[in-house]
Amino acid sequence: MDSNDNYPNLPIAKSLEQSPFFMMGVVHRHFRNQAQKELMANYDITTEMQKALEVINCFEPISQQKLADALMNERSATKRLVDNLIKRNLVTTIKDENNQKHKLLTLTEEGKKTRKLGDVIMQKLERKWLSSLESNEIESIITICNKLSSNI
């Protein structure tokens, strides 16, 4: 079943079709929904979990607050996310040598394996989604997004 089968093909109002942020949101939601479906079916993780595994992998050991900042999540949402990753044996905590009250997050061996396998799915989907674009169009999207995000 194609990911578009989940959504009726509703016409988009011309004004919305001309809104870059609305269209970016539509594309992102469709991509995220397809990725979520594949990640859940294969590895029982969400796209949010996959992103967390990627961030932890890049910056481990990392505090839960820094993970929340990197994911642009609230602390409470990140705590639930981390608790679910710990329950799945994908993440573990270690004591912070500089502050014994703080715990730092690291990937377990299962977490490292799941992150790599999830990354394969994400890269495959990205290639599929970008396959209709020329390389200069992809570069333009990246450049535009970087410009927009520098305004934050």
Side-chain angles (χ1 to χ4, degrees), residues 1-8 20-135 137-152:
M1 173 169 26
D2 189 10
S3 66
N4 291 332
D5 294 341
N6 296 330
Y7 306 97
F21 289 102
F22 179 81
M23 294 308 297
M24 284 188 290
V26 168
V27 170
H28 180 256
R29 279 188 298 278
H30 282 291
F31 178 83
R32 187 188 66 218
N33 289 342
Q34 187 176 2
Q36 181 99 339
K37 184 178 172 184
E38 291 193 32
L39 288 169
M40 284 300 288
N42 289 289
Y43 306 112
D44 192 32
I45 61 170
T46 64
T47 53
E48 195 71 18
M49 289 176 175
Q50 178 65 26
K51 286 190 280 184
L53 294 175
E54 292 291 346
V55 170
I56 295 168
N57 183 64
C58 287
F59 299 105
E60 72 180 322
I62 186 173
S63 70
Q64 195 164 300
Q65 181 59 56
K66 286 187 179 177
L67 177 62
D69 294 343
L71 295 173
M72 292 185 261
N73 274 352
E74 293 183 16
R75 287 177 79 180
S76 58
T78 302
K79 181 176 181 348
R80 286 189 301 275
L81 176 65
V82 168
D83 288 345
N84 282 321
L85 290 169
I86 290 171
K87 283 180 195 172
R88 286 175 167 81
N89 192 35
L90 301 174
V91 170
T92 191
T93 60
I94 60 171
K95 297 267 185 194
D96 184 345
E97 293 176 7
N98 300 320
N99 184 341
Q100 292 298 309
K101 291 182 181 179
H102 288 153
K103 293 180 181 174
L104 300 174
L105 306 171
T106 63
L107 297 178
T108 63
E109 287 305 313
E110 184 66 22
K112 291 175 185 176
K113 179 181 163 191
T114 301
R115 183 205 63 81
K116 285 180 185 175
L117 294 169
D119 190 46
V120 169
I121 286 176
M122 298 303 287
Q123 287 180 16
K124 181 181 168 191
L125 281 174
E126 267 190 45
R127 283 192 302 274
K128 179 181 173 187
W129 276 68
L130 297 174
S131 66
S132 64
L133 301 178
E134 301 292 330
S135 60
E137 291 173 314
I138 296 168
E139 289 173 20
S140 291
I141 291 171
I142 294 168
T143 299
I144 291 165
C145 288
N146 283 329
K147 280 184 182 179
L148 289 171
S149 68
S150 70
N151 293 330
I152 299 172

Checklist entry - Are Gln34 and Lys37 close enough that some pair of their side-chain heavy atoms sits under 4.5 Å apart? => result no
Next on the checklist: Counting C-beta onward and ignoring hydrogens, is there a side-chain heavy-atom pair between Leu81 and Leu71 closer than 4.5 Å?
Outcome noted: yes
Next on the checklist: The test is side-chain contact (heavy atoms from CB on, under 4.5 Å); show your working for Met122 and Gln50 and say whether it passes.
Outcome noted: CA-CA 9 Å; Met122 298 303 287; Gln50 178 65 26; 4.1 Å; yes
Item to check | Partners meeting salt bridge (charged side-chain N to carboxylate O under 4.0 Å, His left out) with Glu38 (sequence neighbours left out) | outcome: none
Checklist entry - Can you name the residues that form a salt bridge (charged side-chain N to carboxylate O under 4.0 Å, His left out) with Glu54, not counting sequence neighbours? => result Arg115
Checklist entry - Under the side-chain contact (heavy atoms from CB on, under 4.5 Å) criterion, do Leu53 and Val91 qualify, and how do the steps go? => result CA-CA 8 Å; Leu53 294 175; Val91 170; 4.0 Å; yes
Next on the checklist: Quick check: do Leu133 and Leu130 have side-chain heavy atoms less than 4.5 Å from each other?
Outcome noted: yes
Checklist entry - Minimum heavy-atom separation for Leu125 to Ala35, with atom names? => result CD1-CA, 3.4 Å
Checklist entry - Within a strict 4.5 Å, meaning less than it, do heavy atoms of the Thr46 and Leu39 side chains meet? => result no
Checklist entry - What distance separates Gln65 CD from Thr78 OG1, expressed to the nearest 0.5 Å? => result 7.5 Å
Checklist entry - Should the heavy atoms of other residues, nucleotides or ligands under 6.0 Å from NZ of Lys51 be counted, would the total exceed 12? => result yes
Item to check | Beyond-backbone contact of Ile144 with Lys147, side-chain heavy atoms, under 4.5 angstrom | outcome: no
Next on the checklist: When you compare the side chain of Leu67 with that of Ser63, does any pair of heavy atoms fall below 4.5 Å?
Outcome noted: no
Item to check | Test item: side-chain donor near acceptor, Gln36 and Thr47, under 3.5 Å | outcome: yes
Checklist entry - What pairs of residues pass the salt bridge (charged side-chain N to carboxylate O under 4.0 Å, His left out) test when at least one of them lies in residues 70-85, not counting sequence neighbours? => result Lys79-Asp83
Checklist outcome for this item: Thr106 and Pro61 have their tightest heavy-atom pair at CG2-CB, 3.8 Å
Next on the checklist: Does anything in residues 55-65 form a salt bridge (charged side-chain N to carboxylate O under 4.0 Å, His left out)? List the pairs, not counting sequence neighbours.
Outcome noted: none
Next on the checklist: Whether the side chain of Asn146 engages the backbone of Ile142 through a donor-acceptor N/O pair (distance < 3.5 Å, no angle test) should be reported.
Outcome noted: yes
Checklist outcome for this item: Taken to the nearest 0.5 Å, the spacing of Tyr43 OH from Glu110 CD works out to 10.5 Å
Next on the checklist: Just so I know, are the side chains of Leu90 and Leu107 near enough to count as touching, which here means a heavy-atom distance under 4.5 Å?
Outcome noted: no
Next on the checklist: Whether the side chain of Thr114 engages the backbone of Gly111 through a donor-acceptor N/O pair (distance < 3.5 Å, no angle test) should be reported.
Outcome noted: no
Next on the checklist: Working note: Asp44 + Met40, criterion side-chain contact (heavy atoms from CB on, under 4.5 Å); need CA distance, chi angles, decisive distance, verdict.
Outcome noted: CA-CA 4 Å; Asp44 192 32; Met40 284 300 288; 3.6 Å; yes
Item to check | Sequence neighbours excluded - side chain to side chain donor-acceptor pair (under 3.5 Å) pairs with any residue from residues 84-96 | outcome: none
Item to check | Spacing of Lys66 atom NZ and Leu105 atom CG [to the nearest 0.5 Å] | outcome: 12.0 Å
Checklist entry - Mind checking whether Ile121 and Leu117 have side chains closer than 4.5 Å, heavy atoms only? => result no
Checklist entry - Taking only residues two or more places apart in sequence or in another chain, which ones pass ring-ring contact (aromatic ring centres under 6.0 Å, His included) with Phe31? => result Trp129
Item to check | Any donor-acceptor N or O pair under 3.5 Å, side chains Glu48, Asn73 | outcome: yes
